Amino acid sequence: MFRLIWTLSVHTRDYLHRYMPSNRLLAAIRTRRGLKWGIPAMLVALPYILIASVCSGAAADGGPGWLHLIVLWACWNALKFIIMGPVSVVLLIRARLREAANRRHQRREAVAEADTRVPVLRS
């Protein structure tokens, strides 16, 4: 039974991660090229917050109960984008520090290799 639940949850997560637009956008932001778009992507949370507000108000005014699911979905997606902004900044800083360390290491290796070369004597 637990195996069935586990398998179902893995397939659901895989499907949502692969086909839902917000998850695809967040996956693109997590790449090295996309890290610079983390802070501007926080603005994507605004429409989700607006959707949550409108649906919450409609549900409170006697609308159908399934609107609460849309509120939950919109709040969840808004939180994902709000959190991704600072996380992408941290990941970008880490990536740039790692790239700078690699450049320093390559420069030191090039200097060490140039120093160990034996000059050629010409006659």
Side-chain angles (χ1 to χ4, degrees):
M1 175 131 157
F2 289 117
R3 182 181 224 171
L4 176 66
I5 293 170
W6 186 269
T7 304
L8 183 63
S9 68
V10 166
H11 287 294
T12 303
R13 183 228 173 254
D14 190 38
Y15 174 80
L16 292 174
H17 186 72
R18 188 172 292 139
Y19 295 112
M20 295 299 126
S22 64
N23 292 336
R24 292 185 69 152
L25 180 59
L26 288 171
I29 291 172
R30 283 187 205 103
T31 64
R32 173 60 183 96
R33 240 179 66 203
L35 287 175
K36 64 183 174 187
W37 295 103
I39 296 295
M42 289 175 67
L43 295 174
V44 175
L46 293 176
Y48 284 117
I49 293 170
L50 179 65
I51 291 169
S53 175
V54 167
C55 290
S56 176
D61 290 338
W66 56 265
L67 286 175
H68 293 293
L69 291 175
I70 294 176
V71 171
L72 181 65
W73 165 79
C75 288
W76 178 252
N77 280 335
L79 281 174
K80 287 192 299 188
F81 282 104
I82 289 170
I83 290 171
M84 193 59 201
V87 168
S88 69
V89 170
V90 170
L91 292 175
L92 182 61
I93 290 170
R94 255 183 34 192
R96 286 192 177 172
L97 289 174
R98 191 177 324 114
E99 291 166 358
N102 286 340
R103 281 193 303 270
R104 278 194 311 273
H105 182 69
Q106 288 174 353
R107 226 179 296 130
R108 286 181 189 153
E109 283 182 351
V111 168
E113 186 179 312
D115 288 343
T116 59
R117 291 184 184 162
V118 178
V120 178
L121 297 175
R122 295 183 184 171
S123 47

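In this chain, numbering begins with 1 at the start of the sequence shown. Here the structure is a predicted model, which means the values were calculated and not measured.
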statement: Ser88 and Ile29 have their tightest heavy-atom pair at CB-CG2, 4.3 Å
- line: Between Ala59 and Pro64, the two heavy atoms sitting closest are CB-O, 4.3 Å
- request: Determine whether Met42 and Pro86 make a side-chain contact, defined as any pair of heavy atoms from C-beta on separated by less than 4.5 Å.
  value: yes
- line: Output for pair (Leu91 CG, Arg98 CZ), nearest 0.5 Å, gives 9.0 Å
task: Evaluate side chain to side chain contact (heavy atoms under 4.5 Å, CB included) for Leu92 paired with Val89, printing each intermediate quantity in order.
output: CA-CA 5 Å; Leu92 182 61; Val89 170; 5.7 Å; no
message: Tell me which pairs pass salt bridge (charged side-chain N to carboxylate O under 4.0 Å, His left out) where either residue lies in residues 26-38, with sequence neighbours left out.
response: Arg32-Glu99
- prompt: Would Leu16 end up clustered with Tyr19 when hydrophobic side chains under 4.5 Å apart are linked, directly or stepwise?
  reply: yes
task: Find the distance between NZ (Lys80) and CE (Met84) and round it off to the nearest 0.5 Å.
output: 11.5 Å
- prompt: Given the side-chain rings of Tyr48 and Trp73, with only the six-membered ring counted for Trp, is the space between their centroids under 6.0 Å?
  reply: yes
- prompt: Mind checking whether Ile93 and Ile39 sit in one hydrophobic cluster, side chains of I, L, V, M, F, W, Y counted as touching below 4.5 Å?
  reply: yes
message: Donor-acceptor check, side chain of Ser53 to backbone of Ile49, threshold 3.5 angstrom: yes or no?
response: no
message: Among residues at least two apart in sequence or on other chains, which ones pass side-chain hydrogen bond (donor to acceptor under 3.5 Å, both in side chains) with Gln106?
response: none
statement: Output for pair (Trp37 CH2, Leu25 CG), nearest 0.5 Å, gives 11.0 Å
- prompt: Can you tell me how far the OG atom of Ser56 sits from the CG atom of Leu72, to the nearest 0.5 Å?
  reply: 11.5 Å
field: Value rounded to 0.5 Å, distance of CD1 in Ile51 from CG in Leu67
entry: 12.0 Å
- prompt: Roughly how far apart are Leu26 CG and Thr31 OG1, rounded to 0.5 Å?
  reply: 11.5 Å
